[in-house]
Amino acid sequence: MDLTKIASLGLSVGIFCFVVWLVRERRLREKYALLWLCTSVFVILLTVSRHILEVAALAIGIYYPPSLLFLVGVLFLLLVAIGHSVTLSRLSEGNHNLAQEVALLRKQVEDLKEEQKAHKL
Amino acid sequence: MRILAIIPAFNEARNITAVIEDLKSFRGDILVVNDGSTDDTAAIAKSLGAEVVSHPFNLGIGGTVQTGLRYAYEHGYDMAIQFDGDGQHRGDQIFKIVELVQKGEADLVIGSRTLPGGYKMGITRFIGSRIFHCLIRCLAGKAIHDPTSGFRCYGKQTIRLFSRFYTDDYPEVESIITAARNGLRVVEVPVLMRGRLSGHSSITRRKSAYYMLKVTLAMVVDAMRGRDLVGES
């Protein structure tokens with residue numbers, strides 16, 4: 001095993017453990033963790049056997065195998081970013097509706113309180 | 001017919017008294033939607049006898065107007081008027097925008113400055129308005145000369161539609177498309193307006209490029225959507 005291999009293996013295992021730790025600490029939801037765990041497993045596999053990468057790269061016509069790694073990495077990050085934008089839009093929509101609902105309900109509560117006060121007097 | 005005047009207000013403590021005073025002759029209820037103001041806007045409005053709804057934080061003009069429309073919808077109002085909290089709109093012009101909705105001849109009436117009898121706007125705003133004017137004509141088949149005007153009257157159908165679908169930022173132009181595409185009758189009438197009393201427009205020169213792009217994108221996407229009201233009674 002050469003040094004690069006050990007370093008990248010260490011890094012991927014490190015990320016894997018970090019993600020597990022984040023979930024354990026309830027800082028990351030399982031739903032999102034799954035994606036990251038799969039990625040690190042994928043990277044670990046590629047590191048352990050460079051052969052897989054070479055076969056895959058040649059199969060789709062890429063002659064320098066590591067660039068397949070970059071391609072997959074960039075595409076993956078792109079998808080994650082779009083996914084996050086969608087989640088963000090959904091969250092801000094919910095936030096927006098909640099704020100309006102809170103405002104309208106607070107008004108209703110205040111009106112009811114005043115009505116009650118008037119009845120008591 | 002029950003009418004609600006919706007006043008969106010964000011830190012308008014200096015103007016809100018004059019605005020509510022201006023609405024003295026208005027026969028309807030007044031609702032101030034306080035968009036997370038950090039000054040006394042809400043307290044002042046309440047002390048003047050207006051109904052007040054307060055957002056827990058700032059939502060922007062679209063969300064604020066929508067809160068008012070949701071209130072109007074939930075309380076069964078027949079008409080809602082949008083009346084800016086910065087003093088640009090004049091209470092004595094309300095009858096002009098209300099008339100057609102009252103008669104049942106329009107669902108959304110826009111009080112316009114550029115029609116004969118209106119007032120002159122700045123050059124940047126004029127160019128922007130022209131571009132929107134053309135876009136609206138292409139996408140909705142309507143000629144609206146002052147699409148960014150926030151002086152409006154909403155009929156019952158429109159209240160229902162907008163209480164569900166309304167944009168957060170820069171909603172004026174987009175809402176015209178939404179309404180027209182849902183088969184609502186959008187009409188423009190000339191009104192008189194004042195210059196603003198105090199404070200600044202939400203659209204600065206720096207933001208106007210973003211404004212144009214965002215609204216254009218929203219309008220085109222909106223035109224690609226189906227009708228939101230289909231299948232409802």
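Below, read A as the first sequence line, B as the second, and so on, with proteins coming before strands; counting in each chain starts at 1. On a predicted model such as this, the values are computed, not experimentally measured, just so you know. In what follows, every heavy atom counts, from backbone to side chain, and hydrogens, waters and symmetry copies are set aside.
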Which atoms of [X] come close to chain A, meaning under 4.5 Å heavy atom to heavy atom: side chain ones, backbone ones, both, or neither?
| X | value |
| --- | --- |
| Gln66(B) | both |
| Val33(B) | neither |
| Phe57(B) | side chain |

Roughly how far, to the nearest 0.5 Å, is CD1 of Ile176(B) from CG of Asp146(B)?
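Here the interatomic distance stands at 8.5 Å.
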In terms of side-chain geometry, is the basic nitrogen of Glu101(A) or Arg106(A) positioned less than 4.0 Å from the acidic oxygen of its partner?
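Salt bridge absent between Glu101(A) and Arg106(A).
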Would you tell me whether His96(A) and Asp168(B) have side-chain atoms, one donor and one acceptor, within less than 3.5 Å of each other?
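A pair is found: one side chain offers a donor N or O, the other an acceptor, under 3.5 Å apart.
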Is Asn97(A) in contact with chain B via its backbone, its side chain, both, or neither, using a 4.5 Å heavy-atom distance?
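Backbone plus side chain of Asn97(A), per the 4.5 Å heavy-atom cut-off to chain B.
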Establish, yes or no, whether a centroid distance under 6.0 Å links the rings of Trp36(A) and Phe76(A).
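Close enough - the centres of the two rings lie under 6.0 Å apart.
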